[in-house]
Every structure is written in structure tokens, then in C-alpha cells.
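Sequence lines set the chain letters: A, B, ... in the order given, protein chains first and strands last, and positions in each chain run from 1.
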Amino acid sequence: RYWWMKGYEVLNPMGWDSFGLPAENAAIKNDEHPATYTYANIDTQYESFRRYGVSFDWSRRFHTSDPEYYRWTQWLFLKLHEKGLAYRKNSPVNWCPNDQTVLANEQVVDGACERCGAEVTKRELTQWYFRTTQYAQELLDSLDDLAPTWPSKVVNAQRNWIGRSEGAHVDFVISGDGSTEERTITVYTTRPDTIFGTTFMVVAVDSPLADELVTDAQRSDFEAYRDAVKKESDIDRLATDRPKTGVSLGVTATNPVTGAQIPVWATDYVLADYGTGAVMGVPGGDQRDWEFATAMGLPIVRTTEPPADFDGEAYAGGGRTINSPADGVAAPLDINGLDVDEAKSRTIAFLEEQGAGTGAVNFRLRDWLLSRQRYWGAPIPIVHCPVDGEVRVPEDQLPVVLPELRGADLKPKGTSPLGAATDWVNVTCPTCGGPALRDSDTMDTFVDSSWYFLRYVSPHDDTRAFDTALANAWGPVDLYVGGDEHAVLHLLYSRFFTKALRDMGLITWDEPFSAYLSQGKVLNQGRKMSKSLGNGVNLGDQLAQYGVDAVRLTLVFASPPEDNIDWADVSPGGSLKFLQRALRLAGDVTSGAGADATTGDEALRRVTHKVVHEAERLLDAHRFNVVVARTMELVNATRKAIDSGCGPADPAVREAAETVAQLLSLVAPYTAEEMWERLGHQPGIAARRWPDVDERLLVEESVTAVVQIKGKVKTRLEVAPDISEADLEAAALADPTVAALIEGETVRKVIVRAPKLVNIVL
RNA sequence: GCCGGGUUGGCGGAACGGUAUACGCGGUGGUCUCAAACACCACUGUCCGAAAGGGCGUGUGGGUUCGAAUCCCACACCCGGCACCA
């Protein structure tokens, strides 16, 4: 509303991200189609939004579950597939046993399903992925550009999630595996400088690598251990405080720097899908390796100078490196006493020289697993043909519309419900015309929401996903408002889509959301409102009791928008009283519409213009609660002017009341409109231009100067705003209160900041 | 453990390095009223004091500065992210 008044073209759209599990689960329960539930709820929400008086552009409304929309979601999938950014692979995946579907890494929170809380297990499945890791570095780098306009919380969360680390790949030659060919295992380490302390190697027990390396003699022990590990849930595996376990693979590896022979073990504390799935064990430099070495009776070599309080037993990290070679070994690399960064780069240089390793970067971010074994989502537009393999559905055959399933047909059974719709699944191959099968998985609903902001520029265009020219003209989104539960989900996926679409030439910008306003939640009595807690507040009741404007005002005034609000702490009654006060001002004005404000009371005019001026700064900074506070001050000043000042006929009073109406139109549009009409204007305050500020009125007539002695306020003086430093100093020293206090003292220094302050140092 | 953010009256919260606690809620007293509601007015950080006035005060302890809620260093606590990621 503010930007509109400032004369900008503003696109403030609203729509529904309406695929997903809740509708599907309700459909199963009620034996109906998910669309029934979905569109009924959308209608209810739409009515609510209308009632709240939100200024959305409803002409651009759409729903991601409409075929007219998901047709383009599917089209974008095909584009990503063409570019090699969508691919299938077999791999252990997160499985929610309750929702009976796979989940992306981002949807697993502390080992549990983000949606239903069930403990997530692992399954070996062939699934679709988007290659988000291809953009890992750029996704990280452009966070620097977003940092000034995004909440640090979200930027920080994404940095942690992407999790870049720098280190080295180091090659160890394996022996004792009975083969004649030389085999090399590469490990990833962030601390190549600790290589002198390597006393063993550990390989992820569930990696193919471990299976390949294990000797016949160790195989039965290894398999027993591997099977035991497989039975454990992720939650158990994630616990960092449990004892280290492992099994020897029977082979040895050669340390490429020292030539030392070290044993190779398999363990579950090394992750198969991070780095190379193998780690050099440095118990003198790494807590986990120290625990493992201690548990297995492996030797420990210090890699750092121990701290003074080192007790000789517990793990000791930190200190300077003492990575000189072991006794009696010649020194191919001497990094003794160097600081860590220098030691790392020297070690990497040495490894590269020897052909035994390279500098390397790793990311924690994994590719985005997007297939779901559920019904209520966009079907993946791929046909599997025994002859031609994965075939993209031709664009002119989009959308691939969901088959009509309902109720019990949707019950989760571990494979996609779409697979059971035989008429739908069995198709002819678009390439060879032979019999083929549709891909029966649907896309993660986060795919739908990763590009919807683009659809808003041309929501009804049935010839393309979005109009590139319009997207480039409008985009990127200047201000994105949302909750920070999407910090590493929606906000990361959308960034990935934007970069991928840019590289396809479909848009020119790099980031979807230039600024991000993270909005808080409304709590009650310190907790999230919920039925089980019985602390819900019925918004309908609040609206009925106080009115829409008072409820809106309460939400805005309670705190800065990014903070949570506790409904127990706020006062919708107080808001209503304030609105009534404001409304009464409009009725009290007796001058006619169009009265010349410049002839009005100057003191009140100063207040009015100052408030408008300050409101601009506050609105730009999203400090809406303070805008309301300033508006209240203006109402109080106007009230005073009417009752005991210049009186209701003064044009300055009209100017003030009209300004109040305009400021209020941002937050309390109905009250503002009512005021506007009472002030004798035609309806339509929302379309009024933002009031101009007269700069001359921002200069105060007189200013209160503070006189401090040694930094403590002792007295105040009313002075002219343009008083000189010398005059102000003289006035301060001449003040009787000050004179009495400095009597007999030596004034050592006087700091003058005209016209606001004098500080006298004795 | 690592990384971010925070801590201001009874409460929600204001404060370009320059009057701490704006604005509001709550509270106290008053005006109006037969009475109440509404409205309006005054007071409301804390301690000492009858008052005038003064001392102390923005999580704790230091520092920089004429001057610190604000900048710097440590610490405590709260919230959030990551986490056997080598």
C-alpha cells in the first residue's frame, strides 16, 4: 500500500500451493478425491483473505494443483532433464514408513519425517534427483549478495546447510588384498597437515568400497558387523555419544608421506555418501578418531603441541602443529611449528608434487530427491520404454494429467498409487511406438513452489510457463514475505531453479528474492496455538468483537514483523480505542475540504510533517510497529490542538487529520476510508498519493539543548536551532544551575554539539 | 562441539555514539455522571528524601570515548541453524 501511494507499480499476488499430503490423507479418510478437500479449503481461505482486507491482486490467482499450472511444472522438469539437471540413480534414500514415501534430505529433521514425525529409515531405491550440487558453490557465493537484505538467520542456515569445506584428497596404496594390481584408496580430509598422525584408515561400512576391500579371512566378521549396523535406525546412528565400533578389513594402506603401513577398518561413523566414504584416522587430531583408536587399541600419535593442562590421557586438540616426521624417518616434508593454514597448504603442495593427492573442496549439500510415491502431486513426465529407456513426454502432450483416483485407491502401499491405474500407466513409447510405462511417481510439492513467482507475471498464458520479457521486467521479487521454516527448503530450491532457468536463458536474473522479510508467528500464552493445548484464539471471534482494522492494527503494532507475537500480551481493545480516537478527529474538523494548510498552525504542521518524514524511513526499514506509534503521537497532538490549541477550524488540524487517515490506510484501511469520507472527500483514500513533506517544517523552531557535567545531564536550555557553538557554550556556562555546580571548580574542557548538547568536563 | 541472533520498566516494545524507557498495555489518582460505561486529565524504572533534590540504573565483568543500550574484549543465560560431514 505504501509503494502504491509512492507511485510505484506494485504486483502483490496470492495463490495456493495446493498439492500435497494433507489433502491426500484427508481424501483417504473421507473416501473422496483430494481435489474436493483442496478446493473447498481454498475457497474458505479465499473468503478469509477477503475479510481481512488484504490488498492482493486476485486477477493473478492460481493453484499449483491445477493442470493449467502443473503442465508447466512438468515442462520445466523436461527442460531440467534435457540439461542433465534431472536424473535417476539407485541409492540409499530416506523413507518415511508412515507416509510411505521417500523424502529429500531437507525434509528429514533429526532423523524424523518433517511432516509427520515418524522415524525415517533407509531404503535402496532408484529415484529422481535434481542436480542441486552443481550449483553448490554459486548458491553459497551469492548468499554474500543477499546477506544485507535477508535475515542473517536464514543466510546462516543456508551456509550451514550447503556446508562447504576445504581440504585435500589423499591417495593411500593398499596392500594385503591378495591382488597383483595396485589399488589406491582416496580419502578426503580437511586437515592434510595432520597426516603424520595417521595410524589407521576407516571406510564406511555400508559403502561398496568396504565390500571390495575386505579379505576372505575377515569377510564373515565384516558381514556380521555390516548386518548389525543395517538394523540400526538413523536416530541411533546419529547419536554422537555412543561408543565407536568397527571391524578390520584385513588389508593395510601406505601413508604416502611417511611410508608407514597402517591397518584399514570399516566403521559406521564414516558416511558412505560424503567425501570418498573413506577417512584417514588421526587420533591425535580428531575426537572421533581418538575415540575409535582408544576403543580398538590402535596407536595414537600427537599432531599438535598439547595444551599446558593436558593430562596425558584425554584427547587434546588445538595448539601448534608438531608434525615433524616420526623418529628415525627422513624429513620429506617439514611443517613443524607452522600455523594450521600454512601447514595445510604446504602439505597439499607436497602431495601434488608427489602425485599422491590434490587440494579438494567438499559440500554437505546433496542432490534434491524429488520423486514421491504419492498421488496428489504433478506426475513426472517420463515414459519408460524397454527399447528407448527414459523418454521425455513430448511437450505437446503436456500436461500429463493425474488419473482419477479416490479414497482407498490412494492408500499408501510403498509404491506409487499411480502405478495401479493401469489404463493410465500403459502407454505407447513416444519414440518407437512400442509398449511402455509411464513413470508413476509424482514430484515433491517443493518443485511446484520453486518457480511459482515466475508464473505470476503471466498467470493465464497457456502457451508458456511464463513470459520471459515480463519476468525480466518485474523480477526479481523485490520483497518476499514468509516464515523462516523454509530457510533450507523452499528458499534454497527456488534459488536453485532460478539459477538453472537463468542458464537456460529463460530469465536474466540470478536470485529470485532480492529482499526477504521473515515474519513471526502468533502464539498464545507462550506457545503455538493448538487444539491439544486448548490455547487457540478464534480469529473470527476477534474480528466480530473488535473489527478487522483493530485486529490488523494489533498485529502490526505488537512488535517488529519478524518477531513472534503472544496474543496474551496484546490488546485488540486498545487498538479499537485508538481507531475510534482517530475517527473522532475526522468528525471534529470544521474547515472545508481543500482548506489551505499553509495558513494553519505551524506547531501542529511541524508535528504532521515530521511524522510523515519519519514514517517513510520506518516503512523502508519495515518497522511498521513504530509507524503506528508515530501515528498515535500525531493523533494525540491533533487532539490537543483541537481541545486546547488552535481549535478545530484551523487548516493545520485538517491537514493533520488527513495525514492520520493516510497513514492509517496502510494498516486500518476501513477506518481510514471512513475518516476520508467524513473529511468531505470522495471515496478512494488507498489511491491517494503519499503526502509530500515540506522540508522547511522539519526544522524545529527551538531545540532543547542538554547541558551535561561529566556526562550527566544537569539542565536543559531552549535555544535556536541555528545557534553557534560559541553562543551555546556561553549560554550553558551562564546558566544559574550550571554556574552553581562549576563554582570553584576548574573547567578542563567543554564539548559543544550545537544545538543539542554541551558537555562540561571538570 | 561449530556457526548465527538475542538479553532495555510489571508486560509488548522505542532510542543517527549525545535527554534511556518513545508509543501502547497494565496500574494508581482525578474530572464528567445520581451511578456506571465512554471520554478526558495527571502520575507510574529503582533507592534515599516531607519536598527541593540526589544516588543507582539497558544480562555480568572489563575496555575505548568528553560521553556507551549502541563500538571492542571476555563471560553467563535464552532462541535458532548444523553436527560422527573427517
Side-chain angles (χ1 to χ4, degrees), chain A residues 109-110 147 151-165 167-168 187-192 194 202 204 237-242 244 267-282 285-289 291-292 317 362-366 484-485 487-488 553-554 557-560 562-575 577-578 580-581 584 617-618 623 625-636 639-640 643-644 704-716 737 748-753 756-762:
Chain A
V109 178
D110 294 331
S152 57
K153 204 180 183 177
V154 176
V155 171
N156 178 50
Q158 291 212 7
R159 282 208 179 103
N160 286 336
W161 189 261
I162 295 167
R164 181 192 150 101
S165 73
V187 301
Y188 174 70
T189 177
T190 56
R191 291 295 303 276
T194 65
V202 263
R237 246 193 105 161
L238 286 170
T240 53
D241 54 350
R242 71 190 184 128
K244 295 282 181 288
T267 182
D268 66 351
Y269 82 85
V270 172
L271 306 174
D273 62 347
Y274 180 78
T276 62
V279 167
M280 62 184 209
V282 187
D286 183 277
Q287 174 74 33
R288 299 150 302 185
D289 294 345
E291 287 167 12
F292 187 75
N362 249 304
F363 293 94
R364 213 195 65 93
L365 182 74
R366 305 290 199 273
D484 37 60
E485 69 273 17
V488 294
L553 183 78
T554 301
F557 182 53
S559 74
E562 46 278 286
D563 289 0
N564 290 338
I565 291 170
D566 195 322
W567 201 254
D569 292 335
V570 301
S571 171
S575 299
K577 263 160 64 171
F578 164 68
Q580 288 165 337
R581 253 167 84 78
R584 237 177 290 128
R617 181 180 66 81
L618 292 165
R623 306 182 56 79
N625 57 324
V626 189
V627 175
V628 173
R630 296 291 167 260
T631 308
M632 288 171 166
E633 287 176 33
L634 181 55
V635 167
N636 292 341
R639 183 80 259 157
K640 209 164 234 164
D643 291 347
S644 54
T704 306
V706 175
V707 184
Q708 300 176 335
I709 293 179
K710 289 190 287 186
K712 301 266 180 204
V713 179
K714 294 300 172 186
T715 191
R716 296 174 174 85
T737 314
R748 292 169 51 180
K749 201 170 178 184
V750 181
I751 289 102
V752 185
R753 292 285 176 275
K756 302 277 282 188
L757 181 125
V758 179
N759 189 16
I760 298 164
V761 185
L762 298 178

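With B:G4, B:C66, B:A86 as the choices, the nucleotide that has an atom nearest any side-chain atom of A:R753 turns out to be B:C66. Closest to the side chain of A:R716, from the set B:G55, B:C82, B:U19, is B:U19. Candidate nucleotides B:A86, B:C84, B:G18 were compared by shortest atom distance to the side chain of A:Y188, and B:A86 ranks first. The listed nucleotides are B:A22, B:U19, B:C3; the one nearest the side chain of A:E633 is B:A22.
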* Structure fact -> Reading nucleotides 6-17 of chain B from 5' to 3' and marking B where a protein heavy atom lies under 4.0 Å of the base, S where only the sugar-phosphate is that close, and - otherwise, the string is -----SBSSS--
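In the model, A:R753 has no side-chain atom that pairs as donor or acceptor with a side-chain atom of A:N759 under 3.5 Å.
Judged by distance alone, with hydrogens and angles left aside, A:N759 brings a side-chain donor or acceptor within reach of the base of B:C66, the pair sitting under 3.5 Å. Applying the 3.5 Å distance criterion, the base of B:C38 shares no donor-acceptor pair with the side chain of A:K577.
As rounded to the nearest Å, B:U8 and B:A15 have C1' atoms that lie 10 Å from one another. Rounded to the nearest Å, the gap between the P atom of B:C11 and that of B:G30 is 27 Å. Taking the C1' atom of each, B:C78 and B:C23 are spaced 26 Å apart, rounded to whole Å.
For A:R364 and B:C82, the CZ to C1' distance is 6 Å, given to the nearest whole Å. Whole-Å rounding puts the A:M632 CE to B:C25 C1' distance at 10 Å. When rounded to the nearest whole Å, the span between CZ of A:R639 and P of B:C40 equals 7 Å. One can place NZ of A:K244 at 14 Å from P of B:A86, the figure rounded to the nearest angstrom. Straight-line distance from the CG atom of A:D643 to the C1' atom of B:C32: 14 Å, rounded to whole Å. A:R366 places its CZ atom 12 Å from the C1' atom of B:A83, with the value rounded to the nearest Å. Rounding to whole angstrom units, CD1 of residue A:I751 and P of B:G18 are separated by 15 Å. Atom-to-atom, CG of A:D484 to C1' of B:G5 comes out at 11 Å; the value is rounded to the nearest Å.
Counting any heavy atom pair closer than 4.0 Å across all strands shown, A:R584 reaches sugar-phosphate atoms only and no base atom. Residue contacts shown for A:Q580 are absent, as no nucleic acid heavy atom lies under 4.0 Å away. Heavy atoms of A:R581 sit under 4.0 angstrom from primed sugar atoms or phosphate atoms, though from no base atom. A:N636 comes within 4.0 angstrom of the backbone, heavy atoms only, and of no base. Heavy atoms of A:A157 sit under 4.0 angstrom from primed sugar atoms or phosphate atoms, though from no base atom. Nucleic acid contact for A:V155: none, since no nucleic acid atom lies under 4.0 Å from a heavy atom of the residue.
Contact check, A:K749 against B:C66: a side-chain N or O comes under 4.0 Å of OP1 or OP2. Note on A:S165: a side-chain N or O is less than 4.0 Å away from OP1 or OP2 of B:A86. Regarding contacts with the backbone of B:A86, every side-chain N or O of A:Y269 stays at 4.0 angstrom or more from both OP1 and OP2.
For B:G67, the base is anti relative to its sugar; the glycosidic angle deviates from 0 by more than 90°.
Between A:N160 and A:T276, it is A:N160 whose nearest contact on RNA chain B lies nearer the 5' terminus. Nearer the 5' end of RNA chain B, as judged by each residue's closest nucleotide, is the contact made by A:Q158, out of A:Q158 and A:T189.
Side-chain contact between A:N636 and A:L634 is absent, with no heavy atoms from C-beta onward closer than 4.5 Å. Under the 4.5 Å side-chain criterion, counting only non-hydrogen atoms from C-beta, A:V570 is not in contact with A:F557.
Under the rule for a side-chain contact (heavy atoms from CB on, under 4.5 Å), the partners of A:E633 that lie at least two apart in sequence or sit in another chain are A:R630.
Scanning all heavy atoms of the two residues, the minimum distance from A:Y274 to A:S165 falls at OH-OG, 3.2 Å. Across A:Y188 and A:G167, no two heavy atoms sit closer than the pair OH-N, 3.5 Å.
Consecutive pairing runs in RNA chain B reach the stem threshold at B:1-7 with B:76-82, B:10-12 with B:23-25, B:26-31 with B:39-44, B:45-48 with B:53-56, B:59-63 with B:71-75, where a stem means at least three Watson-Crick or G-U wobble pairs with distances under 3.5 Å.
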